Structure formats: C-alpha cells, structure tokens
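Please read all numbers here as calculations on a predicted model, not as lab measurements. First listed ligand is number 1; within each ligand, the first listed atom is number 1.
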Amino acid sequence: MMKMHSHDTARAALRLFRTLLHQQLHSVGIIGAPFCRGQQRDGVQHGPDVIRAAGLVRKLEDQGCRVKDYGNLKFEEVTNDQPIGRPKTPRAVGLANKQVADAVQKIKKDGHTCVMLGGDHSLAIGSIHGHAACRPELSVVWVDAHADINTPLTTPTGNIHGQPMSYLIHELHDKIPVLPNFSWIQPCVEAKDIVYIGLRDVDPEEHYILKYLGIKTFSMTEVDRLGIAQVMEQTCDHVFSKIKKPIHLSFDIDALDPSLAPATGTPVTGGLTYREGVYITEHLCQTGLLSAIDLVEVNPKQATRDEEIKLTASVAVDLLLGCFGRVREGSHGADYKIPEP
Ligand SMILES: NC(=[NH2+])NCCC[C@H](N)C(=O)O
Ligand SMILES: [Mn+2]
Ligand SMILES: [Mn+2]
C-alpha cells in the first residue's frame with residue numbers, strides 16, 4: 001500500500017472539499033407549472049417547455065450546479081368554473097396553486113433552491129405559500145411591469161394573475177373574500193418584507209394599496225434615477241434591515257422591455273434592459289440567500305415570429321443562470337492551472 005504523508009492527505013481532502021463546494025454550491029430543483037387560467041391568453045402554459053428547450057438544465061449543469069428537474073405538474077381541467085364576483089376561474093386557480101405550493105414545499109424540504117417555471121403569475125400564490133411553509137421569515141423581491149396586488153374587489157380585469165400578492169399579505173387579509181378552492185391560502189408575507197422593481201403599469205387601486213401599506217417600490221422612474229446598482233443596494237438594505245432572510249424572487253418576464261421579451265401576454269413598453277435584468281439576478285445571487293425563484297409569463301403564442309420565442313426564452317434562461325452563479329466577468333474552477341507545454 002502506498003504511504004501518504006499527512007500533508008498530502010490534507011491537500012487531497014482540501015481539493016475534494018473545494019470540488020464539492022464548487023459543484024454543490026447551487027443545488028437547483030425545477031418544477032414546471034403549465035397553467036394559464038390566471039389570465040385569458042392561450043399559450044402561457046407552454047412556458048416551462050419553451051424555457052427548458054432553450055437549454056436551462058444543461059447550462060445550469062455546465063456552470064457547476066446540481067440540478068434536479070421535477071418535471072411538469074399536471075393540472076386537472078376544472079369545469080363549471082364561473083366567476084365569483086370579479087375574479088375569473090377561481091376554482092382552477094385555487095386548485096392548481098395548491099399543487100404548486102405542495103411541489104415547492106417538497107423541493108425546499110429536499111434541500112434545493114426552487115425554480116418554478118410558469119405559467120401565468122397567479123402561480124406565485126402557490127409558490128410563495130409553499131416556500132413560506134418551509135421558510136416563514138422570507139422576503140419577496142417582485143420584478144414586474146405590474147404590481148399584481150389587486151384584490152378580488154379592486155381588479156379591473158378579473159384576471160387572477162393581476163392579484164396574487166393580495167392573497168399573501170397579512171395586512172390585506174380582511175379585504176379578501178373567500179373564493180372556492182382558496183380556503184387553504186393563509187397570508188404569509190408582511191408588507192415590509194416586499195420590494196418591487198420595474199413597475200410601469202400600476203392600476204390606481206393598486207397604487208393606493210402600495211402607498212397604504214408603505215411597500216418599497218422601485219418603478220422604472222427610480223431605476224432611471226438611481227441606476228440598477230443603487231436600486232439593488234437599497235433593495236438589499238430594505239429586506240435585510242433586521243435579519244438576513246431567505247429571498248423569494250418572483251420574476252415576471254414582462255419586467256424586461258418588450259424588445260427583449262416580446263413573447264408575453266401583457267407587454268409594457270419602457271422596461272428593464274437585458275443588463276439591468278441580469279444585474280438583478282447577479283446581485284441577488286451574491287447575497288447567498290436566494291431560496292426560491294419564479295420565472296413566469298413566457299407565452300410563445302404571443303410571439304409573431306419564431307425568433308421572438310427564442311429571444312424571450314434565452315433571456316429567461318440567462319436570468320436564471322445569473323441566479324445561480326453566472327457572472328459576466330467569467331469564472332474558473334478552484335484548481336485550474338495554465339497548461340504547461
Ligand atoms: N402578471 C401580469 N402580467 N399581470 C398583469 C396585470 C394587469 C392588470 N393590473 C390586472 O389586474 O389585470
Ligand atoms: Mn407583469
Ligand atoms: Mn406579473
């Protein structure tokens with residue numbers, strides 16, 4: 001048997017530890033939620049498959065992540081889903097979100113950072129609910145052109161993808177009527193633990209709610225005024241003001257400018273640039289506290305050409321790569337050495 005000096009053993013152990021650290025720095029659990037009933041445009045249910053087809057899993061693995069793809073949830077068709085007051089198809093939304101909540105909870109229990117691929121943004125109800133079941137102290141960073149904080153009584157459209165936040169915030173609890181299949185939902189986020197970035201299409205009622213609750217918002221005006229670096233500094237100062245909390249990032253692809261992400265149902269001009277979007281993910285990744293992510297509202301049927309689908313999906317993938325350690329300066333393995341001739 002070969003005799004090893006103790007410092008060799010120590011060095012080998014250190015190298016192994018570094019390799020493991022490098023490889024397991026990010027353990028990612030992906031769940032697809034092919035759901036479209038939170039709004040009225042067909043196609044957003046194909047979001048998860050379109051994002052996967054752009055190479056999400058392979059690219060995450062190439063940058064050293066361990067990835068477990070839990071596949072797509074299967075949602076039952078709900079018949080006779082009449083509106084209750086304004087909200088449309090509440091039964092389908094309530095039921096699907098229960099499945100999402102259970103799946104996200106499982107992925108968190110399995111020890112991964114959870115990635116939920118939507119689907120429309122109503123799915124954030126289940127995703128945040130499931131995440132909060134494991135991490136009750138979480139904070140939410142909501143990157144979106146829209147605030148999605150209408151209550152069932154304020155919604156101008158009845159679309160539940162414009163309402164998910166209202167069901168989750170403690171301070172709004174007494175403003176929310178019980179809808180069918182929604183009785184399992186308990187508020188799980190406090191207004192002070194929410195930050196919005198990218199707002200530029202906010203309904204008057206939503207604007208009132210944001211001010212009334214004192215929620216921290218960085219609309220596109222603040223992004224213009226402060227620059228994205230300062231926005232992210234202040235975002236983190238806000239969410240980490242007392243203790244370091246896990247972050248739930250809910251990223252609606254329509255936060256980006258429609259020139260970058262045209263394949264989405266409610267595009268709004270004047271959005272985030274590619275660089276601003278990626279900067280947000282890089283910055284949140286560096287906190288080490290990114291615990292669950294939603295990437296929602298990619299709708300291939302809203303594209304007019306194939307290239308628009310490809311563009312939108314590849315931007316979505318780049319945002320997710322930024323969440324898991326990709327940095328634009330480049331990177332290398334811990335024990336890389338320049339080859340000698
Ligand atoms: N997730 C979205 N794309 N939401 C758009 C919401 C638009 C509008 N505020 C509404 O309540 O219906
Ligand atoms: Mn939106
Ligand atoms: Mn949204």
Side-chain angles (χ1 to χ4, degrees), residues 33 35-45 47 51 83 85-90 93 96-97 100 116-128 140-169 172 175-176 179 189 194-210 215 217-220 223 248-272 276-277 280 292-303 312 315-316 319:
F35 183 76
C36 64
R37 299 274 171 244
Q39 47 86 65
Q40 289 165 87
R41 290 182 173 87
D42 185 46
V44 75
Q45 70 275 21
I51 296 169
R86 293 185 185 188
K88 291 169 179 149
T89 60
V93 173
N97 272 287
V100 172
M116 188 278 288
L117 304 174
D120 71 62
H121 218 164
S122 70
L123 297 163
I125 300 171
S127 181
I128 293 175
V140 175
V141 177
W142 192 278
V143 184
D144 200 329
H146 310 93
D148 295 345
I149 198 169
N150 274 300
T151 77
L153 300 170
T154 70
T155 170
T157 60
N159 298 328
I160 300 180
H161 80 155
Q163 310 167 34
M165 271 306 220
S166 76
Y167 301 97
L168 299 171
I169 298 175
L172 287 177
K175 308 283 191 285
I176 306 296
L179 302 175
V189 188
I194 301 165
V195 176
Y196 280 97
I197 302 171
L199 298 178
R200 58 194 184 278
D201 182 10
V202 177
D203 298 322
E205 298 82 356
E206 292 184 297
H207 188 257
Y208 180 88
I209 293 170
L210 292 171
I215 292 177
T217 61
F218 297 97
S219 74
M220 285 312 296
V223 175
H248 187 109
L249 170 63
S250 204
F251 207 120
D252 184 327
I253 200 72
D254 72 29
L256 299 179
D257 193 79
S259 59
L260 284 171
T264 192
T266 50
V268 188
T269 194
L272 297 171
E276 288 164 342
I280 292 170
I293 300 153
D294 312 321
L295 202 303
V296 296
E297 299 283 352
V298 172
N299 183 342
K301 290 200 176 171
Q302 289 297 118
T312 311
V315 175
L319 292 171

- Check against side-chain hydrogen bond (donor to acceptor under 3.5 Å, both in side chains), E205 and N150: CA-CA 7 Å; E205 298 82 356; N150 274 300; over 6 Å; no
A student checking ligand 1 against E297 at a 4.0 Å heavy-atom cut-off should list atoms 1 (N), 2 (C), 3 (N)
the protein heavy atom lying closest to atom 11 (O) of ligand 1 turns out to be N150 ND2, 3.0 Å
Self-check item: Test item: Y208 and D203 side chains (from C-beta on) under 4.5 Å apart, heavy atoms
Solution: no
Checking distances from the Mn ion (ligand 3), one finds that the N, O or S atom of D148 closest to it is OD2
ask   = Is the distance between the Mn ion (ligand 2) and the nearest N/O/S atom of D252 smaller than 2.8 Å?
value = yes
*When only distance counts, is T266 in polar contact with ligand 1, meaning an N/O pair under 3.5 Å?*
yes
D254 versus ligand 1: do any nitrogen or oxygen atoms come within less than 3.5 Å of each other? yes
Checking distances from the Mn ion (ligand 2), one finds that the N, O or S atom of D144 closest to it is OD1
Of all protein heavy atoms, the one nearest atom 10 (C) of ligand 1 is T157 OG1, 3.5 Å
Distance col, row I160:CD1 vs L123:CG, nearest 0.5 angstrom, shows 11.0 Å
Ignoring hydrogens and geometry beyond distance, is a side-chain donor-acceptor pair present between D294 and S250 at under 3.5 Å?
yes
CG (N299) and CD1 (I253) are apart, to the nearest 0.5 Å, by 12.0 Å
Taking only non-hydrogen atoms of D203 and a 4.0 Å limit, the atoms of ligand 1 in range are 8 (C), 9 (N), 10 (C), 11 (O)
- Query: Does some side-chain heavy atom of V268 sit less than 4.5 Å from a side-chain heavy atom of R200?
  - Reply: yes
Counting heavy atoms under 4.0 Å, the part of D252 that contacts ligand 1 is side chain
Closest to atom 7 (C) of ligand 1 among protein heavy atoms sits H146 CD2, 4.0 Å
Shortest non-hydrogen pair, N97 vs G126, comes out as OD1-N, 2.8 Å
Test side-chain contact (heavy atoms from CB on, under 4.5 Å), reference S219, set V202, I197, L199, output is L199
d(K301 NZ, R41 CZ) to nearest 0.5 Å is 14.0 Å
Any heavy atom of Q163 under 4.0 Å from ligand 1? The part involved is neither
_Any heavy-atom pair between the side chains of I280 and V143 that's under 4.5 Å?_
yes
Atom 4 (N) of ligand 1: closest protein heavy atom, distance to 0.1 Å, is D148 OD1, 2.9 Å
Per residue H146, nearest N, O or S atom to the Mn ion (ligand 2) is named ND1
Below 2.8 Å, any N, O or S contact between D254 and the Mn ion (ligand 3)? no
Checklist line | Side-chain donor-acceptor pair present, H161, D148, cut-off under 3.5 Å | finding: no
Next on the checklist: If I take every N, O or S atom of H121, is at least one of them less than 2.8 Å from the Mn ion (ligand 3)?
Outcome noted: yes
Counting from 1 in the order shown, the ligand 1 atoms closer than 4.0 Å to a non-hydrogen atom of E206 are 9 (N)
A student checking ligand 1 against G162 at a 4.0 Å heavy-atom cut-off should list atoms 6 (C), 11 (O)
Starting from the C-alpha separation in whole Å, work towards a yes-or-no answer on side-chain hydrogen bond (donor to acceptor under 3.5 Å, both in side chains) for H146 and D254. CA-CA 8 Å; H146 310 93; D254 72 29; 3.2 Å; yes
May I ask you to check if ligand 1 and H161 share an N or O to N or O distance below 3.5 Å? yes
